Enquirer: 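The structure follows.
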Amino acid sequence: MNYNYTDTIEYLLDWYDNNARILPWRENPKPYYVWISEIMLQQTRVEAVKIYFDRFINTLPDIKSLAYAKEEQLLKLWEGLGYYNRVRNLGKAARIILEEYNGELPPDYSSLLKLPGIGSYTAGAIASIAFQIPEPAVDGNVLRVMKRVAGSFDDITKASIKKELEQDIREIIPKERPGDFNQAIMELGATVCIPNGKPICMKCPIMHLCKAYHNKTEMSIPVKQDKKARKVEDKTILVLEKSGTYYIRKRHNEGLLAGLWELPSLEGKLTPLQLEEYLKNQGYSDFNYYSLGEGKHIFSHIEWHMTGFYVHITKEDKVAEESVYNSDISLNEAWVTKKEIDEIYTLPSAFEKYRGVLENRD
Ligand code: SF4
């Protein structure tokens, strides 16, 4: 252990007792609630998660209902949260829990770790918060806080550094309050020892133990190896409208936004002339259109730089009409109303700007 965190325990727990935010999954830390909230909280702020959490739990109140939910329903409940494999894995894990664990999350760390979508952080969070098992739950918040406290310039993007910290915490985590201890560090990281901008050290309960504070290195820690620059892809997004319905299609089953519905996204930024040519090739013989302007969406490794067009189709040849008209969700493409998009189909937030144009129609 490079730094003995034992002295921090009492201060963190005292601070947590007086400062923990009231959150629905904390009020009632049922294993199912802890699981759903922890998966939602990956990559998403607490404030944004609250609304999603309430809606998810009201719709699918237990593991059995989650196991039986259709993928389209799960995706719709997740719409806007991104990283859609998270919710697909929730469904898969629920089915395993139903078959192998009698519908209850297993109360042990290694069994939790075997479930789809549950890594060491989530297994530790569920084990410690829901079952009071003394396991660490090390995420980005915890790495940042603990590396600052230790004054360590370790590169926190390395898996070995995370493992090392997990082991350090495993050795000192208080057996009587493991869940509160893990949550205290996370909470400190979210509200005081914040990720972007200067940490609010004057409000920190462990300031007197923090090496980064004493060495004035808090803004240089944690160290993260330079990430590769994101790949930029140009796209043209089309809002195709015909008699009050809109064309959507399913993306490929692999790669970015795999298997999700989209407004047609074409490679490159099309000029008006190229757009007209494309539309004619698709069998649309009469249409008018206008620009929807530029947009940008950032994924973890890719950036989409987009331009968009609204296309009102007034005439199409027969072949195209037969091949694309259908609003059956089992198909890969459909002409649907705005209401159907709102209620049934999941459009990822990458399309939000262009989907927004539908708000004043229908
Ligand atoms: S003293 Fe400052 S840098 Fe150190 S843990 Fe507290 S908030 Fe973070």
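Every value quoted in this text rests on a predicted model; they were computed, and no experiment measured them. For ligands, and for the atoms within them, numbers begin at 1 and follow the listed sequence.
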Enquirer: With a 3.5 Å distance limit and no angle check, can you tell me whether T236 reaches the backbone of T307 through a side-chain donor-acceptor pair?
Expert: no
Enquirer: So does E303 get a backbone contact from the side chain of R230, meaning a donor-acceptor N/O pair under 3.5 Å?
Expert: no
Enquirer: At a 4.0 Å threshold, what atoms of ligand 1 neighbour a non-hydrogen atom of C210?
Expert: 1 (S), 3 (S), 4 (Fe), 5 (S)
Enquirer: Hey, which atoms in ligand 1 end up nearer than 4.0 Å to a heavy atom of R148?
Expert: 3 (S)
Enquirer: Mark up the atoms of ligand 1 that fall under 4.0 Å of a heavy atom belonging to Y213, in ascending order.
Expert: 1 (S)
Enquirer: With atoms numbered from 1 as shown, which atoms in ligand 1 lie under 4.0 angstrom from a non-hydrogen atom of M207?
Expert: 1 (S)
Enquirer: In the protein, which heavy atom is nearest to atom 2 (Fe) of ligand 1, and how far is it?
Expert: C201 SG, 2.3 Å
Enquirer: Please evaluate residues R26 and E187 with respect to the criterion salt bridge (Lys or Arg N to Asp or Glu O under 4.0 Å), reporting the C-alpha separation (whole Å), side-chain torsions for both, the decisive distance (0.1 Å), and the verdict.
Expert: CA-CA 12 Å; R26 276 194 188 147; E187 191 79 352; 2.7 Å; yes
Enquirer: How many angstroms lie between atom CG of L270 and atom CD of E276, to the nearest 0.5 angstrom?
Expert: 11.0 Å
Enquirer: How long is the gap from CH2 on W261 to CD1 on I341, to the nearest 0.5 Å?
Expert: 10.0 Å
Enquirer: Can you tell me the protein heavy atom closest to atom 6 (Fe) of ligand 1 and the distance?
Expert: C204 SG, 2.4 Å
Enquirer: N/O/S atom of C193 under 2.8 Å from atom 8 (Fe) of ligand 1, yes or no?
Expert: yes
Enquirer: Numbering the atoms of ligand 1 from 1, which are under 4.0 Å from a heavy atom of E218?
Expert: 3 (S)
Enquirer: Check this for me: does any side-chain nitrogen of one of D108 and K114 sit under 4.0 Å from a carboxylate oxygen of the other?
Expert: no
